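So the structure is just underneath, and the comments pick up after that.
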Amino acid sequence: LVSWNSMLTAYAQSGRIQEAKCLFDRMPHKDSISWNAMATAYAQNGNLQEGKRVFDSSPNQTVVSWTVMITAYAHNGQIEEARKLFDKMPQKNVVTWNVMLSAYAQNTDFAEAKNIFDKMPKRDVVSWNAMLSAYSQNGLLSQARSVFDAMTIKDPVSWNILLTAYAQNGQMDEAENLFNRMPEKDAATWNAMIGAYAANGQLHEARELFDRMTQRNVVSWTAMMTAYAEKADFKEAMSIFIEMPQRNVVSWNALVSAYAQKGFPEEAKKLFDLMPHHDVSSWTSMVAAYAQNGHIDQ
RNA sequence: UCAUUUCAUAACGG
């Protein structure tokens with residue numbers, strides 16, 4: 001059962017819902033983890049309807065099931081609906097509270113986010129990070145800084161949030177400063193800095209970090225590839241693509257989209273046809289490629 | 001083995 005659930009989750013996380021559903025239907029036994037994983041698979045791929053159907057058919061709804069649904073509504077912009085479930089559910093845990101907090105935060109309802117934050121029975125580092133992220137993503141740097149400074153526990157995510165905020169605000173020196181000062185870096189730290197350099201046109205600095213990085217993951221590779229592709233250096237971009245130890249649908253999309261945007265729709269189409277699986281972004285990239293290059297009918 | 005916060009891709013919106 002654990003193996004089946006793991007496979008189900010793996011499909012879900014890579015966006016292969018058809019395969020996930022097929023597996024789910026063939027499972028000899030299912031537990032609540034299976035049902036929750038299936039509901040999550042739908043929800044994370046924008047199919048709230050099916051997600052809800054799975055939730056409604058689940059033999060037993062756990063706190064995770066409810067939390068999954070709240071997340072699904074929130075990501076779909078239905079914050080009121082999310083709140084209704086939140087108020088209605090039998091018990092909540094810290095994750096449930098964090099989900100509701102993030103929902104308001106991402107909806108830029110800082111007051112309600114803060115309200116939840118103050119009311120929750122227990123806070124963890126994710127709760128703090130969610131508040132920090134809310135301010136950061138809306139360019140409210142001084143508020144973000146206050147939250148950051150008030151935090152008694154920080155993890156690499158906390159630092160990464162603030163680092164990205166400064167970089168996106170054009171304060172590369174402050175971003176670099178955080179990068180150098182932080183006690184512990186994870187892969188996302190390096191990736192954030194690489195992305196910041198790339199967005200700032202500092203391709204050489206980006207590459208230097210990429211080369212120094214020991215924990216390179218698919219995000220690092222894709223970010224570096226995109227950096228070259230945006231400069232129309234397809235030779236280097238392609239060579240990175242070929243070298244990449246793993247690719248996911250985002251890596252493929254990035255390259256397809258780059259060719260499309262630089263005026264090579266036929267190259268884009270070739271890659272598109274080679275992709276193991278397409279998502280909404282893949283299709284919209286191709287549509288945009290043809291539209292922008294005068295092939296409306298394609 | 002399932003749910004929440006940060007980093008890579010399209011469109012949308014500014």
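Owing to the predicted nature of the structure, the values given are computational and were not obtained by experimental measurement. Convention: sequence-line order gives letters A, B, ...; per-chain numbering from 1.
The base of rA10(B) lies outside donor-acceptor range of the side chain of Asp279(A), with no N or O pair under 3.5 Å. For rA10(B), the base has a donor-acceptor partner in the side chain of Thr284(A) [N/O atoms by modelled type, under 3.5 angstrom]. No N or O donor and acceptor, one from the side chain of Asn217(A) and one from the base of rA8(B), sit under 3.5 Å apart.
For Thr9(A), counting side-chain heavy atoms from C-beta on, the closest listed nucleotide (rC2(B), rA8(B), rA11(B)) is rC2(B). Out of rA3(B), rA10(B), rA8(B), the shortest distance to the side chain of Val68(A) is found at rA3(B).
Listed in residue order, the members of residues 257-265 of chain A having a heavy atom less than 4.0 Å from RNA chain B are Ser257(A), Gln261(A). Within residues 112-119 of chain A, no residue has a heavy atom under 4.0 Å from RNA chain B. Near RNA chain B, defined here as any heavy-atom distance below 4.0 Å, the residues from residues 222-238 of chain A are Thr222(A), Ala223(A), Thr226(A), listed numerically.
Among pairs with a residue in residues 28-38 of chain A, none fulfils salt bridge (charged side-chain N to carboxylate O under 4.0 Å, His left out), at least two apart in sequence or across chains. Judged as a ring pair (Phe, Tyr, Trp, His ring centres under 6.0 Å), the pairs with a partner in residues 141-164 of chain A (not counting sequence neighbours) are, in order, Phe148(A)-Trp159(A).
Remark: P of rC7(B) and CG of Leu163(A) are 11 Å apart, rounded to the nearest angstrom.
The ring-ring contact (aromatic ring centres under 6.0 Å, His included) test applied to His75(A) returns no partner, not counting sequence neighbours. Take Asn45(A) and apply the side chain to side chain donor-acceptor pair (under 3.5 Å) test, not counting sequence neighbours, and it matches no residue. With sequence neighbours excluded, the residues forming a ring-ring contact (aromatic ring centres under 6.0 Å, His included) with Tyr259(A) are Phe234(A), listed by chain and number. Legend: residues meeting side chain to side chain donor-acceptor pair (under 3.5 Å) with Thr164(A), ordered by chain and number and at least two apart, are absent. Phe86(A) is linked by a ring-ring contact (aromatic ring centres under 6.0 Å, His included) to Trp97(A), counting only residues two or more places apart in sequence or in another chain. Applying the salt bridge (Lys or Arg N to Asp or Glu O under 4.0 Å) rule to Asp173(A) yields no partners; only residues at least two apart in sequence or on another chain are considered.
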Between the protein and nucleotides 4-6 of chain B, list the N/O to N/O atom pairs that are separated by less than 3.5 angstrom.
residue, atom, partner, partner atom, Å
rU4(B), O2', Ser102(A), OG, 3.4
rU4(B), O2, Asn98(A), ND2, 2.9
rU5(B), O2', Asn129(A), O, 3.4
rU5(B), O2, Asn129(A), ND2, 2.8
rU6(B), OP1, Gln137(A), NE2, 3.3
rU6(B), O2, Asn160(A), ND2, 2.8

